[in-house]
Number of protein chains: 2
Amino acid sequence: MLHRVATVLPDLSIRQFEYLVAVAEHPTWADAADQVGVSASALSQGLAELERRMGVPLFEREGRRRVLRPGATTVLDHARQVVALSTDLARWADRAKNADVGAVRLGMIDVAAVHHFPDKLEEYRRIHPDVDFRLRVAPSADLVEQLRSSQLDLIICVEPKEEIPGTTVQHAMTEELAIYRPDTKRLGPVEKWGPWVLFPEGSHTRALISHELRRAGASIDVVAESHQPDVLIEMVQLGLGWTVLPVAQAEAGARPLRRGRILTRRNLVAMMRSGSAPDPAVAALRSTLFPST
Amino acid sequence: MLHRVATVLPDLSIRQFEYLVAVAEHPTWADAADQVGVSASALSQGLAELERRMGVPLFEREGRRRVLRPGATTVLDHARQVVALSTDLARWADRAKNADVGAVRLGMIDVAAVHHFPDKLEEYRRIHPDVDFRLRVAPSADLVEQLRSSQLDLIICVEPKEEIPGTTVQHAMTEELAIYRPDTKRLGPVEKWGPWVLFPEGSHTRALISHELRRAGASIDVVAESHQPDVLIEMVQLGLGWTVLPVAQAEAGARPLRRGRILTRRNLVAMMRSGSAPDPAVAALRSTLFPST
DNA sequence: AGCATAGTTCAGTGTTTCTTAACTATCAGT
DNA sequence: ACTGATAGTTAAGAAACACTGAACTATGCT
């Protein structure tokens, strides 16, 4: 066996990690101290001690404020992961102590909740009436953040470009994205496609759409953005612009768009925290959503 | 945003997790105390306090010994993961403080080290002469254990049947496994294949081989087992039995077997701890082994 | 210049974690 | 059955740690 590397662990505590995560998520250290339930001086001293034990500076001054250095992201990611895993363990212990099934908190992007999985969710609820089941519908980036900070147990989101540290991913499904134009417009040559009403800059799907439109030779003149597909559909109906949407979303509902031209596909994935304490109710949900696993 | 679940984190410490991992890995609590550098009574009191804070019993008596309860596996897995991630963070801090590239510890099963990746490993060493590079060759299960306890940074192993908590996996390659028989024997009908000399019961590949032989209709009369392919090859050469081995291994080397009949394929994967503090030298190794990623 | 705000330092208190010594229960050898 | 060795526990005390509230410093706004 390889000799264990002679790195002595600094004596860090979960408490200090909670302080670090709190200051990252709040505008002031006083707010952060309130949230973790200590005085501002306890938090200040605790974070100073964390820096001392790591031997690496984590904060710099911006006027009278202390802010995280860019180089501290590694420590913050670690802190966030350890706090999230500790929360999972505490919830596991609560379930064990109380012979209780606990709560299950699922996050989904809207198309998954409304179009792809409503039957499965209904089935899960029917089979597990005792589970405190909660569904959160939000864009992918928000869901990923809430997963990482142990506010969600499982999420169905658009596959991110890069691996999210501390998570495991399982392919959920592939769906098609198609181009939709106002009724008064003909498809015409690629160069004349648009103007566009699209998902916002920065979203996973927007990046994919932009890439594929450029590849096809279309210009990308964006006149409006929204996270909400219904809003984009409405804009197309009103003749305000062209859009790209999941077929399942665009061609269903109260005011469906006419059949669109397939542009590309995107993957939806199921994502969980890696290594979190097992939760049978979450495992059962996973089996309901993906029977073949 | 969902209201944060009202679970208060017990005030656990990394130290207590180190104690727990140490007692799991040593025959006695005195040995465990020695390894973590405290007295036996400190360890005893520390673990009692851990049980108290978790509110869940972790140990039971076997005579004068205390042993982990089966139900404590969840807490032990959590402890092991948090200690491993903390070790990674400490090594990250050491690299940051000392402007040092540190050590890279790679584990590989033998066929990967000897047949599939020797050129890439040589390339990596040539490009990164300053990296303290160490290669450990061992069976998959040993490699997984060492990865989980932060004794290895990256491993190439046979794809496990089930997800290993706290790890991420990337497909490395697929290789063929073929049947090899002594020269004096003809292939003949399936029912007459064997007797067999195979990898040991319990290994990933053995499970796959057994499954596929049964599917083909062969009996599985195993007369010898070994982890070492060279030993299995030698036994076939000596006429002691038939075997199933990776083609790359069986048909190369000093005394190659004659071309075998393909039975199945197995996947090799690259596995790392999920969410560990980034290490540029390990990232570089990964890029060398898998250029397209 | 004066006041408000963000965070820090100080001194004191209570808690935690370790030590050594003494102890209890179990086991092996005779 | 007895004795000595072994595995782990408990008690008491010391040192270190983590928190509090008060007083402080530096920054920012009016």
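Numbered from 1 within each chain, the chains take letters A, B, ... in sequence-line order. Just so it is clear, the values below take in all heavy atoms, side chains as well, and ignore hydrogens, waters and symmetry mates.
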Exercise for the section: Assert yes or no for the condition that the ring centre distance of B/His78 to B/Phe17 is strictly below 6.0 Å. Expected result: yes

Exercise for the section: Check whether any side-chain nitrogen or oxygen of A/Ser44 sits under 4.0 Å from OP1 or OP2 of C/dT8, and answer yes or no. Expected result: yes

Practice task
Using atom CG of A/Leu50 as one end and atom C1' of D/dA18 as the other, report the distance to the nearest whole Å.
Solution key: 14 Å

Exercise for the section: Specify the separation, in whole Å, of atom CD of B/Glu51 and atom C1' of D/dT10. Expected result: 15 Å

Exercise for the section: Assign each of A/Gly63 and B/Ala42 to its nearest nucleotide of DNA chain D by heavy atoms, then name whichever residue's nucleotide is nearer the 5' end. Expected result: B/Ala42

Exercise for the section: Grab the two heavy atoms, one from A/Asp279 and one from A/Arg95, that are nearest each other, plus how far apart they are. Expected result: OD2-NH1, 3.0 Å

Exercise for the section: Tell me whether the OP1 or OP2 atom of D/dA7 has a side-chain N or O from B/Arg61 closer than 4.0 Å. Expected result: no

Handout entry: Relative orientation of the end axes in the helix from C/dA1-D/dT30 to C/dT30-D/dA1, expressed as an angle to the nearest 10° (five pairs per end)
Key = 30°

Practice task
Could you please name the option among C/dT20, C/dC18, C/dA4 that lies closest to any side-chain atom of B/Val38?
Solution key: C/dC18

Handout entry: Toward the 5' end of DNA chain C, by each residue's nearest nucleotide, A/Trp29 or B/Glu49
Key = A/Trp29

Problem - Residue-phosphate contact under 4.0 Å: B/Tyr19 side-chain N/O, C/dT17 OP1/OP2 - result: no

Exercise for the section: State whether the side chain of B/Arg69 and the backbone N or O of B/Phe59 hold a donor-acceptor pair below 3.5 Å, judged by distance alone. Expected result: yes

Handout entry: A/Leu43 CG to C/dT9 P, straight-line distance once rounded to whole Å
Key = 14 Å

Problem - B/Ser39 side-chain N/O to C/dT19 phosphate OP1/OP2 under 4.0 Å - result: yes

Practice task
Please state how far atom CG in B/Leu47 lies from atom P in D/dT9, giving the value in whole angstrom units.
Solution key: 8 Å

Fill in the blank from the handout: In terms of heavy-atom contacts, A/Val137 and A/Asp110 come closest through CG1-CA, 3.6 Å

Problem - B/Arg15 and A/Asp11 ion-paired at < 4.0 Å - result: no

Practice task
Round to the nearest Å and state the distance from B/Glu62 atom CD to C/dA25 atom P.
Solution key: 19 Å

Problem - Distance below 4.0 Å between A/Arg65 side-chain N/O and D/dG28 OP1 or OP2 - result: no

Exercise for the section: Rounded off to whole Å, could you give me the CZ-to-P distance for the A/Arg15 and C/dT17 pair? Expected result: 13 Å

Practice task
For D/dA26, take OP1 and OP2 only and decide whether either is under 4.0 Å from a side-chain N or O of A/Arg66.
Solution key: no

Practice task
Grab the NE2-C1' distance between B/His26 and D/dT6 for me, whole Å please.
Solution key: 18 Å

Fill in the blank from the handout: All heavy atoms of A/Leu20 vs all of A/Ala79, minimum pair found to be CD2-CB, 3.8 Å

Exercise for the section: Say whether, by atom type as modelled, one donor and one acceptor occur between the side chain of B/Gln81 and the main chain of B/Asp77 under 3.5 angstrom. Expected result: no

Handout entry: A/Ser41 (side chain) and D/dG21 (base): donor-acceptor pair under 3.5 Å
Key = yes

Handout entry: Residue whose closest nucleotide on DNA chain D lies nearer the 5' end, B/Gln45 versus A/Arg53
Key = B/Gln45

Problem - Short side-chain donor-acceptor distance under 3.5 Å, A/Arg206 and A/Ser210 - result: yes

